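Not measured: the values here are computed from a predicted model. Protein chains get the first letters and strands the later ones, always in sequence-line order, with residue 1 at the start of each.
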Amino acid sequence: MTPEQILTDAVREAAVAMGAPADFQPQLERPRDPSFGDWASNAAMLLARHLRRKPLEIAQDLVSRLDVARAGVSEAYVAGAGFINFRLAAGAEAHGLTAVLAAGPSYGRTTDGGGQVVNIEFVSANPTGPLHVGHGRQAALGDAIATLLSSTGWTVTREFYYNDAGVQIANLARSVQARVRELTTGSGEIPEGGYHGEYIREIARDYVAAHPADAAGDDLAGIQQFAVAALRVEQDKDLQAFGVKFDVYYLESSLYTDGKVDEAVRLLVEQGRTFEQDGALWLRTTDYGDDKDRVMRKSDGTYTYFVPDVAYHLAKWRRGFTRAVDVQGADHHSTVTRVRAGLQALGVGIPAGYPEYVLHQMVTVMRAGEEVKISKRAGSYVTVRDLVDEVGRDAVRYFLLMRKSDSQLVFDVDVARAQSEENPVYYIQMAHARVSGIFRVGEIDVAGITGAGVEWSALAEPDERELVKAILGYPGLIAAAARTLAPHLVASYLLDTARLVHTWYHKCHVLGEPEPVHSARLALARAAQVVLANGLGILGISAPERM
RNA sequence: GCGCGAGUAGCUCAGCUGGAUAGAGCGUCGGCCUCCGGAGCCGAAGGUCGUGGGUUCGAAUCCCGCCUCGCGCACCA
């Protein structure tokens, strides 16, 4: 048992003896300020109302009844409004590092998910242009969430949903067609709602080169097929540059060719959740919390966008994914309610919260002190590849992950580049490289560091005890990040821990120290290296041994 | 107008299911290289947590009103 568990039991026993409910579950917490001890309990405050006594009195009573010597407690005292602070003997917790050393790369991994399947859908860009920085945020988020879940026992599928059907694709085709005609006849105008980017011209040039017979650009279907294929190749390159790999690419167009869209509509009609009005087919989404009913099939006979979305998620459900997470921009927020409504209305047992959504706020790109307007149609935006080329994959990933997805994100390209040496990601990687340097210089094989025979009480400096606490808190942090689908928690944990590592490194020498300090610090250095490498791995960032 | 998100140090942002004197990075100012990497470390300055109420032993955190900003409110996706 860890000191935390022993202390928790001891506090509960004492509390119950004083009249607390038998199921009372005190929770220990790490005090913010190390001067408040290693662990603290607010049990007295929680019990104040039930026992009808002052927290301070209860706390004192509790302390007098506590049998804490067995947890290695050197001191237990009441402080503040009624906190009970515990100070542990040196080494009482550091012993836990043996588990870190034994686990190595798998430290922090759990089986919480029990091997259940989960589908993570992210990026899912229309193949109408290269991936921009907003997609980059999705790619970083989705990939990190997928890694978080797979490392906590879930069987993860990374999925990219291609919206390769519908109006936007038609616009794309007509835009390319216009550029083809511009090339061959000298005149061609981008249609209303079309795309103006320079890459459209490039695609047109490639098309003409590959299809000399259609110099007039009359084969619109052929152009569309060519353009979509070309852009999918481009997006794959973007993703490759970013280091993101998908297990499944799912094509929206297949939903139509397979009849899945028609089937979904038929099911909805059969369930009596639809009605006809003004020449359109509507879904009663208000039955599921929407503020108004939504059109499914327009009066021109085509479907609105959320119908294939419903069909897609139905297919996902039937593929066995009882859990699904969609990572999307917050500008798609309005789809959440109606897609979920449609899925419930199918009557196939899909629960109300399916799929789960991680919505992220917009990314604003700053360059030369000015906001770069992101508009595919106007052809002005920063691509993922631009960013990766300029500031590096690791830095881009960290920057896009360091803030919670709910927060808007300002990505100043110039700052990211100019301050790259002061970058948080370098700070973290440097911490890893430094401890790695200890082993390199000392010519020590980390595989031989098991903690066996180490006198943990030799880790007596306050700075190293803080580092020990941070390392032991890693599994809990990963579990929390996975549970809340929040990779930014890992990002800030790494920054905090890197700071502790740098401080410790500066103060506590390892090589050349006498025993038992040498062995104990070597073990601590290895444990720190493990945690930094594992955490960076979750975020898809490299952990270099030298820089 | 309605919905969602955000408002915390000069700037960019953390702050877990309410806890003790609200934190970090960058920036500013001042120190530290005979020592495993100075891409680092130590210290200082800097805050009415948008605002007004409420809940209670205790609120940046939970509830309500208001203000500001962003996004979304189509038979576009």
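Contact annotation: side chain of A/Asn42 to base of B/A20, donor-acceptor pair absent below 3.5 Å. The base of B/G72 does not come close enough to the side chain of A/Asp331 for any donor and acceptor atom to sit less than 3.5 Å apart. Between the side chain of A/Ser299 and the base of B/C75, a donor-acceptor pair under 3.5 Å is found.
Among residues at least two apart or in separate chains, salt bridge (Lys or Arg N to Asp or Glu O under 4.0 Å) pairs with a member in residues 394-409 of chain A are A/Asp143-A/Arg397.
The nucleotide whose nearest atom lies closest to any side-chain atom of A/Lys292 is, among B/A20, B/A74, B/A77, B/A74. The side chain of A/Arg403 approaches B/A14 more closely than any other nucleotide in the set B/U21, B/A14, B/A24. Closest approach to the A/Asn126 side chain among B/C42, B/A77, B/G37 is made by B/A77 (side chain taken as heavy atoms from C-beta onward). The side chain of A/Val295 lies closest to B/C75, out of B/G37, B/C75, B/A20. Among the nucleotides B/G40, B/G72, B/U21, the one closest to the side chain of A/Tyr427 is B/G40. Taking the side chain of A/Val510 as heavy atoms from C-beta on, and the options B/C36, B/C42, B/C71, the nearest nucleotide is B/C36.
Neither OP1 nor OP2 of B/C41 sits under 4.0 Å from any side-chain N or O of A/Tyr505. In this structure, A/Arg297 does not reach the B/C75 phosphate: none of its side-chain N or O atoms is under 4.0 Å from OP1 or OP2. Contact check, A/Tyr161 against B/A77: no side-chain N or O comes under 4.0 Å of OP1 or OP2.
Ring-plane geometry between A/Tyr354 and A/His313 is classed as perpendicular, the angle between the planes exceeding 60 degrees on a 0 to 90 degree scale with a lower cut at 30.
An aromatic stack links A/Phe36 and the base of B/A20, using centre distance under 5.5 Å and interplanar angle under 30°. Under the stacking criterion of a centre-to-centre distance below 5.5 angstrom and an interplanar angle below 30°, A/Phe83 sits stacked against the six-membered ring of B/A20.
Surrounding CD of A/Gln277 are more than 12 heavy atoms belonging to other residues, nucleotides or ligands, all under 6.0 Å away.
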Listing, residues 528-535 of chain A side-chain donor-acceptor contacts under 3.5 Å, not counting sequence neighbours, or none:
{"residue": "A/Gln529", "atom": "OE1", "partner": "A/Arg526", "partner atom": "NH1", "Å": "2.8"}
{"residue": "A/Gln529", "atom": "NE2", "partner": "A/Ser436", "partner atom": "OG", "Å": "3.0"}
{"residue": "A/Asn534", "atom": "ND2", "partner": "A/Gly104", "partner atom": "O", "Å": "3.1"}
{"residue": "A/Asn534", "atom": "ND2", "partner": "A/Pro105", "partner atom": "O", "Å": "3.3"}
{"residue": "A/Asn534", "atom": "ND2", "partner": "A/Tyr107", "partner atom": "O", "Å": "3.0"}

Please output the side-chain donor-acceptor pairs of residues 481-493 of chain A that fall under 3.5 Å, not counting sequence neighbours, one pair per line with the distance.
{"residue": "A/Thr484", "atom": "OG1", "partner": "A/Ala480", "partner atom": "O", "Å": "2.8"}
{"residue": "A/Ser492", "atom": "OG", "partner": "A/His488", "partner atom": "O", "Å": "3.0"}
{"residue": "A/Tyr493", "atom": "OH", "partner": "A/Ala470", "partner atom": "O", "Å": "2.6"}

Dump every N/O contact between nucleotides 32-35 of chain B and the protein below 3.5 Å, one line per pair.
{"residue": "B/C35", "atom": "O2'", "partner": "A/His509", "partner atom": "NE2", "Å": "2.9"}

Hey, what are the protein-to-nucleotides 1-6 of chain B N/O distances that come in under 3.5 Å?
{"residue": "B/G5", "atom": "O2'", "partner": "A/Asp406", "partner atom": "O", "Å": "2.7"}

Contacts under 3.5 Å, N or O only, protein and nucleotides 54-61 of chain B:
{"residue": "B/U56", "atom": "O3'", "partner": "A/Arg49", "partner atom": "NH2", "Å": "3.4"}

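Separation of atoms NE2 (A/His50) and CE (A/Met18) is listed at 11.5 Å; rounding is to 0.5 Å.
The separation between A/Glu461 atom CD and B/C42 atom P is 14 Å, rounded to whole Å.
With sequence neighbours excluded, the residues forming a salt bridge (Lys or Arg N to Asp or Glu O under 4.0 Å) with A/Arg521 are A/Glu464, A/Glu513, listed by chain and number. Partners of A/Phe399 by ring-ring contact (aromatic ring centres under 6.0 Å, His included), not counting sequence neighbours, listed by chain and number: A/Phe411. The side chain to side chain donor-acceptor pair (under 3.5 Å) search around A/Glu234 returns A/Arg385, not counting sequence neighbours.
A distance of 6.0 Å or more separates the ring centres of A/Phe122 and A/His135. Under the 6.0 Å cut-off for aromatic ring centres, A/Tyr161 and A/Tyr312 qualify, their centroids lying closer than that.
Note that A/Arg30 lies in the cation-pi zone of A/Trp39, set by a 6.0 Å cut-off to the ring centre and a 45° limit from the axis.
Within residues 476-494 of chain A, the residues approached by RNA chain B to less than 4.0 Å at the level of any non-hydrogen atom are A/His488, A/Leu489, A/Ser492, in residue-number order. Annotation: proximity of residues 335-345 of chain A to RNA chain B (heavy atom, distance under 4.0 Å) is found for no residue.
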(request) Quick one: the dot-bracket string of RNA chain B, using Watson-Crick and G-U wobble pairs with both distances under 3.5 Å, [ ] for crossing pairs and | for bases paired to another strand. (result) (((((((..((((.....[...)))).(((((.......))))).....(((((..]....))))))))))))....

